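What follows is a short report on a single structure.
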Amino acid sequence: MSHYSTHMQWIDIGANLTHDSFDVDRDAVIERARSGGVVQMIVTGASVESSIAALQLARRHPSMLFATAGVHPHHAEQLRAEHLPQLSALLADPRVVAAGECGLDYYRNLSAQAAQRQAFAWQLRLAAESRKPVFLHQRDAHEDFVALLREHRASLVGGVAHCFTAGEHELEQYLELGLSIGITGWINDERRGAHLLALMRRIPAHRLLLETDAPYLLPRDLVPKPRSRRNEPMYLPHIGAAVAAAREESVQLCAHHTSAHARELFGLPVPVTFL
């Protein structure tokens, strides 16, 4: 992996670094990513509590980490109107660069669908008020998801369809809505992700983003596979190489335009080491 990452800079726009699987070696995980060319990462918030933890972690690594603040649809029933000022305050912090992870998940339905829609609508309004892009989750809820986004589209400053795994129809609708597209190691899975290869050239360079979703979605084609089965941000260049190959462009170009777009969408600074 290192042969193509040493002189390139990559940005992981979605890593769950507050996950307890990183408790034993979190600083080492961050350092391994940095050594592999991943110069910045956005730590995902999925509840009020984990959003606070993401922000605290980002503050401890100010040159490298940023955070999102939001409530995942799995936790939608826990979000009440009285919690919104706290989320709004988190979104006002300059190290919080996106609202979310928010959206709809009718696959697991861990929260009632009505509660999911209410929590999503609230967070779309908070995103608009804070002038921050939205970090979006959608599974088996495409029609309701698109309907809510269309309703709020005029007031939003952008967003990313996190962990995009769907097909051409969904991709075209997301691009039409002005969304960016987050690609994970799902593309490295020949069983479930092969359909994504043909879609990569349909994503404009100024809409394409890369993410690991660590510790989830370990790229299936890693050799050797880590014994822990835990995904880490250091594998982002491996994902980037697969995306570049599918787009028929150089790995260097893929690193350049995905990093440039991440900085543009999320307002990230250029790291001092690359000035």
Side-chain angles (χ1 to χ4, degrees), residues 8-18 30 33-34 37-46 50-72 87-103 123-124 126-137 149 152-153 155-164 174-175 177-184 203-214 233 236 239-240 243 254-275:
M8 286 176 264
Q9 51 174 310
W10 302 87
I11 296 177
D12 187 346
I13 65 126
N16 301 282
L17 289 177
T18 62
I30 293 168
R34 190 202 308 269
V38 181
V39 295
Q40 288 166 321
M41 297 182 271
I42 299 175
V43 184
T44 311
S50 71
S51 297
I52 292 168
L55 175 55
Q56 289 171 340
L57 182 59
R59 285 175 175 159
R60 290 202 292 275
H61 299 269
S63 64
M64 193 171 181
L65 300 187
F66 301 84
T68 75
V71 176
H72 191 288
L87 263 187
S88 181
L90 284 167
L91 286 167
D93 191 290
R95 298 209 70 77
V96 172
V97 296
E101 183 175 353
C102 61
Q123 290 179 85
L124 289 172
L126 289 178
E129 289 166 11
S130 68
R131 309 306 292 156
K132 303 265 171 99
V134 275
F135 191 83
L136 297 161
H137 174 102
L149 280 172
H152 292 266
R153 178 186 180 182
S155 59
L156 294 172
V157 297
V160 55
H162 152 66
C163 187
F164 180 81
Y174 293 168
L175 292 174
L177 281 163
L179 297 181
S180 299
I181 309 297
I183 299 297
T184 64
I203 305 171
H206 66 280
R207 297 281 195 87
L208 179 63
L209 296 165
L210 300 177
E211 52 182 328
T212 57
D213 202 29
L236 191 73
I239 297 166
V243 171
C254 184
H256 172 76
H257 65 64
T258 56
S259 295
H261 180 44
R263 295 212 173 95
E264 174 194 35
L265 181 63
F266 299 110
L268 307 181
V270 177
V272 174
T273 51
F274 286 91
L275 287 174

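Only heavy atoms go into these numbers, but all of them, side chains included; no hydrogens, no water, no symmetry mates. All values derive from a computational prediction rather than experimental measurement.
His72 and His137 have tilted rings, their planes meeting at an angle from 30° to 60° on a 0 to 90° scale.
Between the side chain of Ser51 and the backbone N or O of Gly70, at least one donor-acceptor pair lies under 3.5 Å. No donor-acceptor pair under 3.5 Å is formed between the side chain of Gln123 and the backbone N or O of Gly100. At least one donor-acceptor pair closer than 3.5 Å links the side chain of Ser130 to the backbone N or O of Ala127.
Note: Arg95 CZ to Leu268 CG = 9.5 Å, rounded to the nearest 0.5 Å. Expressed to the nearest 0.5 Å, how far OG1 of Thr44 lies from CG of Asn16 amounts to 4.5 Å. To the nearest 0.5 Å, atom NE2 of residue His162 and atom CG of residue Leu179 are 13.5 Å apart. Taking OG of Ser180 as the start and NE2 of His261 as the end, the distance is 2.5 Å to the nearest 0.5 Å. Going from atom CG of Leu265 over to atom CZ of Arg207 covers 10.0 Å, rounded to the nearest 0.5 Å. Between the CG atom of Leu17 and the CG atom of Leu57 there is a distance of 6.0 Å, given to the nearest 0.5 Å.
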**OP:** Run the numbers on His206 and His257 for side-chain contact (heavy atoms from CB on, under 4.5 Å), then give the verdict.
**Re:** CA-CA 7 Å; His206 66 280; His257 65 64; over 6 Å; no
Original post:
Would Thr258 and Ile11 count as a side-chain contact (heavy atoms from CB on, under 4.5 Å) if you check the C-alpha gap in whole Å, the side-chain angles of each, and the deciding distance to 0.1 Å?
Top reply: CA-CA 7 Å; Thr258 56; Ile11 296 177; over 6 Å; no
**OP:** Just do the side-chain contact (heavy atoms from CB on, under 4.5 Å) check on Leu177 and Leu156 with the steps written out, would you?
**Re:** CA-CA 10 Å; Leu177 281 163; Leu156 294 172; over 6 Å; no
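In terms of heavy-atom proximity, Ala15 sits nearest to Asp12 at CB-OD2, 3.8 Å. Contact detail for Gly178 and Arg153: the closest heavy-atom pair is N-NH2, 4.3 Å. Here the closest non-hydrogen pair linking Ile239 and Glu211 is CD1-O, 3.7 Å. Taking both residues in full, the closest heavy atoms of Val134 and Cys102 are given as CG1-SG, 4.5 Å, listed atom of the first, atom of the second, then distance. Here the shortest heavy-atom pairing between Phe66 and Pro269 reads CZ-CD, 3.5 Å. Nearest heavy-atom pair across Thr68 and Ala54 is O-CB, 4.3 Å.
Two residues are said to be in side-chain contact when any heavy atoms from C-beta on lie closer than 4.5 Å; Phe266 and Leu209 meet this criterion.
Partner Val97 forms a side chain to side chain contact (heavy atoms under 4.5 Å, CB included) with one of Leu91, Val43, Ile13, Ile42 and no other, that one being Ile42.
Heavy-atom contacts from other residues, nucleotides or ligands closer than 6.0 Å to NE2 of His152 number more than 12.
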